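Right, one structure below, let's go through it.
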Amino acid sequence: MRSVTYSMGVSLDGYIVGPDGGFDWTAPDEGLFRFATDEVREAGVHLLGRRLYETMLYWETVDQNPSLGFSTLEFAAVWRALPKVVFSTTLPAVQGNARLASGGLAEEIERLRAEPGDGNIAIGGATLAAQAAESGLIDEYRTRVYPVLVGGGIPFFPRHERRVDLELVETRAFSSGVVYLRHRVAR
């Protein structure tokens with residue numbers, strides 16, 4: 001059965017964007033960029049909320065800039081090829097290798113888990129991930145912890161009233177000071 005993974009950059013105080021909506025502090029160095037590209041390669045499909053989908057549209061056409069480096073072009077190619085499912089009640093259509101979700105989150109995940117195929121089911125966007133976490137649908141939390149305190153904003157971890165025990169599966173430190181932590185939900 002395919003795992004559902006939630007992976008994003010997060011400040012040391014637990015936010016994916018700061019109080020002003022900014023996330024410029026998540027700009028990756030070369031090593032972290034390669035790592036993120038490899039992580040996207042592991043995914044078989046990516047579930048996104050509307051805001052993250054709109055942010056990631058940048059990668060659909062960035063390769064048209066001939067001055068970009070190899071790592072940027074490589075990530076763009078891997079991201080564009082990845083099938084995406086967008087959860088939105090306001091978007092009439094989506095672009096690229098994406099489709100609008102036809103059902104609820106739990107139903108989509110159940111259907112995707114039942115389909116044959118390689119790669120995990122990646123999920124992104126705080127609101128969508130919070131829904132999945134509340135329903136107990138996330139199997140792994142993958143955090144890239146940046147050495148910054150932003151003081152507020154949108155939290156990485158959903159705020160709900162139940163305990164979730166996690167097992168540390170992997171760690172990695174990058175020269176930029178970012179620390180990658182991969183935790184599996186203990187079931």
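Please read these numbers as outputs of a predicted model, since none were measured by experiment. Keep in mind that the numbers below use all heavy atoms, side chains included, and drop hydrogens, waters and symmetry copies.
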message: The criterion is salt bridge (Lys or Arg N to Asp or Glu O under 4.0 Å); which residues satisfy it with Arg51, sequence neighbours excluded?
response: none
task: For side chain to side chain contact (heavy atoms under 4.5 Å, CB included), just list the numbers for Thr72 and Phe33, CA-CA rounded to whole Å, side-chain angles, deciding distance to a tenth of an Å, and then say yes or no.
output: CA-CA 8 Å; Thr72 302; Phe33 205 5; 3.4 Å; yes
query: Rounded to the nearest 0.5 Å, what separation is found between the CD1 atom of Ile138 and the OG atom of Ser7?
result: 11.0 Å
statement: side chain to side chain contact (heavy atoms under 4.5 Å, CB included) filter on Pro147, not counting sequence neighbours, yields Val178
message: Can you tell me how far apart CG (Leu149) and CG (Asp13) are? Round to the nearest 0.5 Å.
response: 5.0 Å
task: Would you mind checking if Arg187 and Asp139 are paired as a salt bridge, meaning a charged N to carboxylate O distance below 4.0 Å?
output: yes
task: Please test Met56 against Tyr58 for side chain to side chain contact (heavy atoms under 4.5 Å, CB included), starting from the C-alpha separation and ending with a verdict.
output: CA-CA 5 Å; Met56 296 303 285; Tyr58 167 82; over 6 Å; no
field: Same apolar cluster: Val169 and Val145, side chain cutoff 4.5 Å
entry: no
message: Going by the rule side chain to side chain donor-acceptor pair (under 3.5 Å), which residues pair with Ser102 if we only count those two or more places apart in sequence or in a different chain?
response: Glu108
field: Cluster check Val40, Leu57: I/L/V/M/F/W/Y, side chain < 4.5 angstrom
entry: yes
field: From Leu168 atom CG to His183 atom NE2, the distance as rounded to the nearest 0.5 Å
entry: 4.5 Å
message: Are Met1 and Val185 linked, directly or through intermediate hydrophobic residues, by side-chain heavy-atom contacts shorter than 4.5 Å (ILVMFWY only)?
response: no
- line: For Tyr53 and Gln95, the nearest pair of non-hydrogen atoms, with its separation, is OH-N, 2.6 Å
task: First locate atom OG1 of Thr37, then atom CH2 of Trp79, and finally report the distance between them rounded to the nearest 0.5 Å.
output: 11.5 Å
Contacts of Asn120 that satisfy side chain to side chain donor-acceptor pair (under 3.5 Å) - sequence neighbours left out: none
message: For residues 141-151, which residue pairs pass the salt bridge (Lys or Arg N to Asp or Glu O under 4.0 Å) check, not counting sequence neighbours?
response: Glu39-Arg142, Glu39-Arg144, Glu42-Arg142, Glu140-Arg142
Partner residues of Glu30 under the salt bridge (Lys or Arg N to Asp or Glu O under 4.0 Å) criterion, sequence neighbours left out: Arg34
- prompt: Excluding sequence neighbours, so at least two apart, what forms side chain to side chain contact (heavy atoms under 4.5 Å, CB included) with Thr26?
  reply: Phe23, Tyr146
message: Using ring centroids (six-membered ring only for Trp), state whether Phe156 and Tyr15 fall under 6.0 Å.
response: no
field: salt bridge (Lys or Arg N to Asp or Glu O under 4.0 Å) involving Arg172 - partner list, sequence neighbours excluded
entry: none
task: Ignoring hydrogens and angles, tell me if any N or O in the side chain of Asp165 forms a donor-acceptor pair with the backbone of Ala186 under 3.5 Å.
output: no
query: Does any N or O in the side chain of Arg2 come within less than 3.5 Å of the main-chain N or O of Ile121, such that one atom is a donor and the other an acceptor?
result: no
Ion pair check, Arg41 and Asp118, cut-off under 4.0 Å: no
message: Applying salt bridge (Lys or Arg N to Asp or Glu O under 4.0 Å) as the test, list every pair that has at least one member in residues 80-91; sequence neighbours left out.
response: Asp63-Arg80
- request: Return the minimal non-hydrogen interatomic distance between Val150 and Gly18, and the atom names on each side.
  value: CG2-CA, 4.0 Å
- prompt: Which word best sums up how the rings of Trp59 and Phe75 line up, parallel for under 30°, tilted for 30 to 60°, or perpendicular for over 60°?
  reply: perpendicular
task: Check Ile109 against Val4 and note the closest heavy-atom contact, atom names and distance.
output: CG2-CG2, 3.8 Å
message: Thr90: which residues meet the side chain to side chain donor-acceptor pair (under 3.5 Å) condition with it, sequence neighbours left out?
response: Ser88
query: Looking only at heavy atoms, what is the nearest atom pair of Asp29 and Ser175, with distance?
result: OD2-OG, 3.5 Å
Pair Phe35 and Phe174, ring centroids less than 6.0 Å apart: yes
query: Between CZ of Phe87 and CG of Leu48, what distance do you get to the nearest 0.5 Å?
result: 9.5 Å
query: Within a reach of under 6.0 Å around CD of Glu110, are more than 12 heavy atoms found that belong to other residues, nucleotides or ligands?
result: no
task: Would you please test Leu32 and Tyr180 for side chain to side chain contact (heavy atoms under 4.5 Å, CB included) and show each step?
output: CA-CA 9 Å; Leu32 191 55; Tyr180 171 74; over 6 Å; no
query: Got a sec, which residues hit side chain to side chain donor-acceptor pair (under 3.5 Å) with Arg50, two or more places apart in sequence or on another chain?
result: Glu54
field: Glu107: partners by salt bridge (Lys or Arg N to Asp or Glu O under 4.0 Å), with sequence neighbours left out
entry: none
task: Quick one: closest heavy-atom pair of Trp25 and Ile16, and the distance?
output: CZ2-O, 3.6 Å
Heavy-atom closest pair, residues Ile123 and Ala132: CD1-CB, 3.7 Å
